[in-house]
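Since the structure comes first, as C-alpha cells, the remarks are kept for the end.
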Amino acid sequence: MALEPPFPELDEFLAAIGAAGQRVSEIAASEGAAGNISVCIGWPIEVRRRFPISEPIELPLAAPALAGMHVIVSGSGRRLRDIHADPAANLGVVAIAADRQSTLLYTSPRRLFAHVTSEFNSHLAVHNDQVARSGTNFHALIHAQPPHLTYLSHIPAYREQAYLNRRLLRWEPETIINLPEGIGFIPFRLPGSPELMAANVEALREHRIVLWSKHGVMARSDQSVTKAADRIEYAETAAMYEYMDLVNGCKAEGLTEEELREVVQTFDVPTTLV
Ligand SMILES: [Zn+2]
C-alpha cells in the first residue's frame, strides 16, 4: 500500500501528529513524557521553512531502504499531549541520506529537546523493514503505554498470544474488523534495547499493533498517523472490557465463536483468527 498524489503537505502531517498525540493522551496512554510518534515520508518534501536548523545526526542503525526519505519524529522528553500546541518545537525531521554520515536532523529555533526519542532505533528499524518489504512511500508509528493492555501483560496467562487475542477480540465486532491479524505480543525487553528493536520488527511484520510486555504498545499504519492511533484505541478498549470483566468476577458472555464468525463472514474480514 502506498499513498497516491496529491500528497499531504508538511503542515497537514504536523497537525495529524499533534491530533494523534492528543488522542493517545486522552485515553491515558501517555503519562508524563511516555510515548513517541514518527512518520516516514517517501516523496520529496521541503521542511526547512518550519525546521530551518540542520545538524548531522548519527543513525542508531543502517536504514538503506529509507535513503532519500524524511522521518518526522518526536523529541526525547516531550509530551505527546503538547505536540499539537507547537509541533515544530516538539518534533524534528531526519533527512536520511544514502550514506549514514550525511544524514541531517532539521529542527526549529523553538526546539525543546536535545535528542530525538530514545526509542528512535525501534522506529527506524520498523520503517526500514516495512518500506523494504512492501515498497510503501508512507509509514506511521506510535509507541504508547495504554494501562489496561499493559496491565493484562502482567498476568502470565495473557502473555500467550493466542489466549490474549481470544480474550480481547470478544468484546466488540469492530475489534477484529480493525485488527484482523489481532494483537502481536513480545516478552519484556529493556526499553531502547537492540533486543526490543529486533522483536518489535519481527512482530510488526505480522501485526498492525504489538503489545510490549509490561511496558506498552507500538502501532503502525501505511495510510495515516490517525489510523495508527485508532489501532491503539481499539486494542485498549478491548483490554478495558477484559479488565472490567476480570474485576467483576468474569460474569460477561462476550461475543461467542459463532457470533464472531458471522461478523467475519458478513464484513469479509481477512483473518485466520476465527
Ligand atoms: Zn515506553
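Below, each value reflects all heavy atoms present in this structure, side chains not excepted, and no hydrogens, waters or symmetry copies. In this text, all values refer to a predicted model and were calculated from it rather than measured experimentally. Just so you know, ligand 1 is whichever comes first in the structure, and atom 1 is the first atom listed for that ligand.
Closest N/O/S atom of His143 to the Zn ion (ligand 1): NE2. Counting just the N/O/S atoms of His215, the one with the shortest distance to the Zn ion (ligand 1) is named NE2.
Metal site remark for the Zn ion (ligand 1): Gln145 contributes an N, O or S atom at a distance under 2.8 Å.
No hydrogens or angles considered: a donor-acceptor pair under 3.5 Å links the side chains of His148 and Glu236. His143 and His215 form a side-chain donor-acceptor contact under 3.5 Å, judged by distance and modelled atom types alone.
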Check the pair Leu168 / Leu149 against side-chain contact (heavy atoms from CB on, under 4.5 Å), numbers first and verdict last. CA-CA 10 Å; Leu168 293 191; Leu149 279 165; 3.8 Å; yes
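The residues Glu233 and Arg231 are annotated as not salt-bridged, no charged nitrogen and carboxylate oxygen being separated by less than 4.0 angstrom.
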